[in-house]
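Below: one structure, written as structure tokens.
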Amino acid sequence: MYFLAIESSCDETAAAVFTEDLTILANVVASQTDLHARFGGVVPEVAARAHLQRLLPVLDEALKQAGIRLDQVGCVAVHNTPGLVGALLVGVSCAKMLALTLNVPLIGVNHIEAHIYACRLAAGRDIFPCVGLVVSGGHTSLFHSRTPLKFDLLGATLDDAAGEAFDKVASILGLGFPGGPAVERAAASGNPQAIRFPRSFLNEDRLDFSFSGLKTAVLYTVCGKDLANPQPPPTAQRRADVAASFQQAVVDVLVAKSRQALERTGLHRLAVGGGVAANRCLRSGLETMVAEAQAELCIPPLKLCTDNAAMAAMAVEKWRRQEFAPLDLDALPAYTP
């Protein structure tokens, strides 16, 4: 049984082929980083047009790598929520066309929940129930992941996502796009204790996040509070210290809230997904925390952290239950638990 999956929720055009036993036969991603770099962030219309140009070649390459023909596909899966609505529509429209033409089932997959399922793919075994932490450019959320298909939202960001904060701080420091890797590289030569940036809700019981104030604190540190007469650009070492201190503030909050979620749910397994999960400082902090808590940490390899179509393999769980989507499946930009 071959599944063909499509991902187009943001700025990665991706397709994957996998089987009902979760064997990944192909996982192809066409990045749009170069298209958006000059804007310092993802431009929705640019992303949607690039998906239109790249999706069919990416699908062809996935089928070629998997060694199968299109008519051998038995089910089509697509990330239909959440994301940029124009970008989602490209993938959803293509998936519906393929399902209709091939006369096979169509399955809609939640992109955020699929990030947690990527941990199950990497583990090669059942990891549910667990606490799920998704940290990406658009979302920072904690879940009580009861089963592969049941996710109870425990808390989420009230403003900027962690990845969004990395992008904005990279822009403030003139480090380029994408911000996550750029800030991490700069932070490598900096002192994470140089500046004591705010850590919102760190000592509160709530499991929500807020990174807007942290981003503003970085702006004032670099440019001063009188933005009409900004301070001179920081030296290379000062820039590295700001990057390292900012990164440490984000990591401290993510680690602390993950610990609280484990304690509140009584679970002993933490699954972490999303692009920010590729950050080495975050991985190290989480590894230390789960060791102290005598819990298990599940983080996928880097290629499954960032947006990809292989993580849509959670469609297999829906296929087993015959939870198919209608051919009028819609693209839903907002996350609905």
Side-chain angles (χ1 to χ4, degrees), residues 1-37 42-80 83-84 86-109 111 114-115 117-118 120-122 124 136-137 178 181 273-275 278 300-316 319 325 329 331:
M1 178 67 184
Y2 298 112
F3 292 75
L4 178 62
I6 296 171
E7 148 63 14
S8 67
S9 64
C10 190
D11 62 333
E12 311 284 10
T13 311
V17 177
F18 46 84
T19 63
E20 78 274 18
D21 63 357
L22 301 179
T23 299
I24 307 300
L25 302 178
N27 186 25
V28 179
V29 179
S31 175
Q32 299 181 15
T33 298
D34 292 345
L35 294 178
H36 302 283
V42 177
V43 180
E45 278 300 316
V46 173
R49 290 177 184 273
H51 287 313
L52 281 171
Q53 296 171 340
R54 301 177 182 192
L55 184 52
L56 294 184
V58 165
L59 286 168
D60 284 340
E61 181 61 24
L63 292 169
K64 184 183 301 182
Q65 288 187 15
I68 68 168
R69 303 183 311 273
L70 182 60
D71 61 8
Q72 291 179 273
V73 172
C75 182
V76 177
V78 63
H79 289 148
N80 71 305
L84 304 174
L88 286 169
L89 278 170
V90 176
V92 171
S93 297
C94 181
K96 291 193 288 188
M97 177 273 296
L98 287 171
L100 177 63
T101 303
L102 297 172
N103 192 29
V104 298
L106 172 69
I107 295 178
V109 176
H111 172 79
H115 271 303
Y117 197 81
R120 189 262 177 265
L121 289 178
S136 66
L302 301 188
K303 65 181 180 180
L304 291 179
C305 287
T306 52
D307 288 349
N308 64 88
M311 64 189 192
M314 72 179 297
V316 173
W319 173 76
L329 177 70

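Atom set for the values below is all heavy atoms of this structure, side chains included, hydrogens, waters and symmetry mates excluded. This chain uses plain numbering: 1 for the first residue, then up along the sequence.
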As an exercise, state the distance from [atom1] of [X] to [atom2] of [Y], rounded to the nearest 0.5 Å.
X: Ile24; Y: Phe3; atom1: CD1; atom2: CZ; value: 11.0 Å
X: Trp319; Y: Met314; atom1: CH2; atom2: CE; value: 16.0 Å
X: Leu25; Y: Tyr2; atom1: CG; atom2: OH; value: 6.5 Å
X: Asp71; Y: Thr101; atom1: CG; atom2: OG1; value: 12.5 Å
X: Leu4; Y: Cys94; atom1: CG; atom2: SG; value: 8.0 Å
X: Thr23; Y: Leu121; atom1: OG1; atom2: CG; value: 10.0 Å

Working for side-chain contact (heavy atoms from CB on, under 4.5 Å), residues Tyr117 and Leu22: CA-CA 11 Å; Tyr117 197 81; Leu22 301 179; 3.4 Å; yes

A side-chain contact here means heavy atoms from C-beta on lying under 4.5 Å apart; do [X] and [Y] qualify?
X: Asp307; Y: His115; value: yes
X: Leu55; Y: Val90; value: yes
X: Gln53; Y: Arg49; value: no
X: Val78; Y: Leu329; value: yes

Specify the closest pair of heavy atoms between [X] and [Y], including all atoms of both residues, with the distance to one decimal.
X: Val73; Y: Val76; value: CG1-CG2, 4.3 Å
X: Pro105; Y: Gly74; value: CD-O, 3.2 Å
X: Met311; Y: Ala118; value: CB-CB, 3.9 Å
X: Ala315; Y: Ala77; value: CB-CB, 3.6 Å
X: Gly108; Y: Ala325; value: N-CB, 3.9 Å
X: Ala5; Y: Phe18; value: CB-CE2, 3.6 Å

side-chain contact (heavy atoms from CB on, under 4.5 Å), that's the test. Do His36 and Val46 meet it? Break it down for me. CA-CA 8 Å; His36 302 283; Val46 173; 3.7 Å; yes

So, does [X] use its side chain to make a donor-acceptor pair with the main chain of [Y] at under 3.5 Å?
X: Arg54; Y: Glu12; value: no
X: Ser8; Y: Ala87; value: yes
X: His51; Y: Cys10; value: yes

Going by side chain to side chain contact (heavy atoms under 4.5 Å, CB included), Ile6 matches just one of Leu59, Val109, Asn80. Which one?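 The single option meeting the side chain to side chain contact (heavy atoms under 4.5 Å, CB included) with Ile6 is Leu59.
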
Run the numbers on Asp11 and Leu35 for side-chain contact (heavy atoms from CB on, under 4.5 Å), then give the verdict. CA-CA 9 Å; Asp11 62 333; Leu35 294 178; over 6 Å; no

Fit a plane to each ring of His79 and His111, take the angle between them on a 0 to 90° scale, and name the class: parallel (under 30°), tilted (30 to 60°) or perpendicular (over 60°).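 If you compare the ring of His79 with that of His111, the planes turn out perpendicular.
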
Hey, mind stepping through Lys96 and Leu106 against side-chain contact (heavy atoms from CB on, under 4.5 Å) and telling me if it holds? CA-CA 7 Å; Lys96 291 193 288 188; Leu106 172 69; 3.7 Å; yes

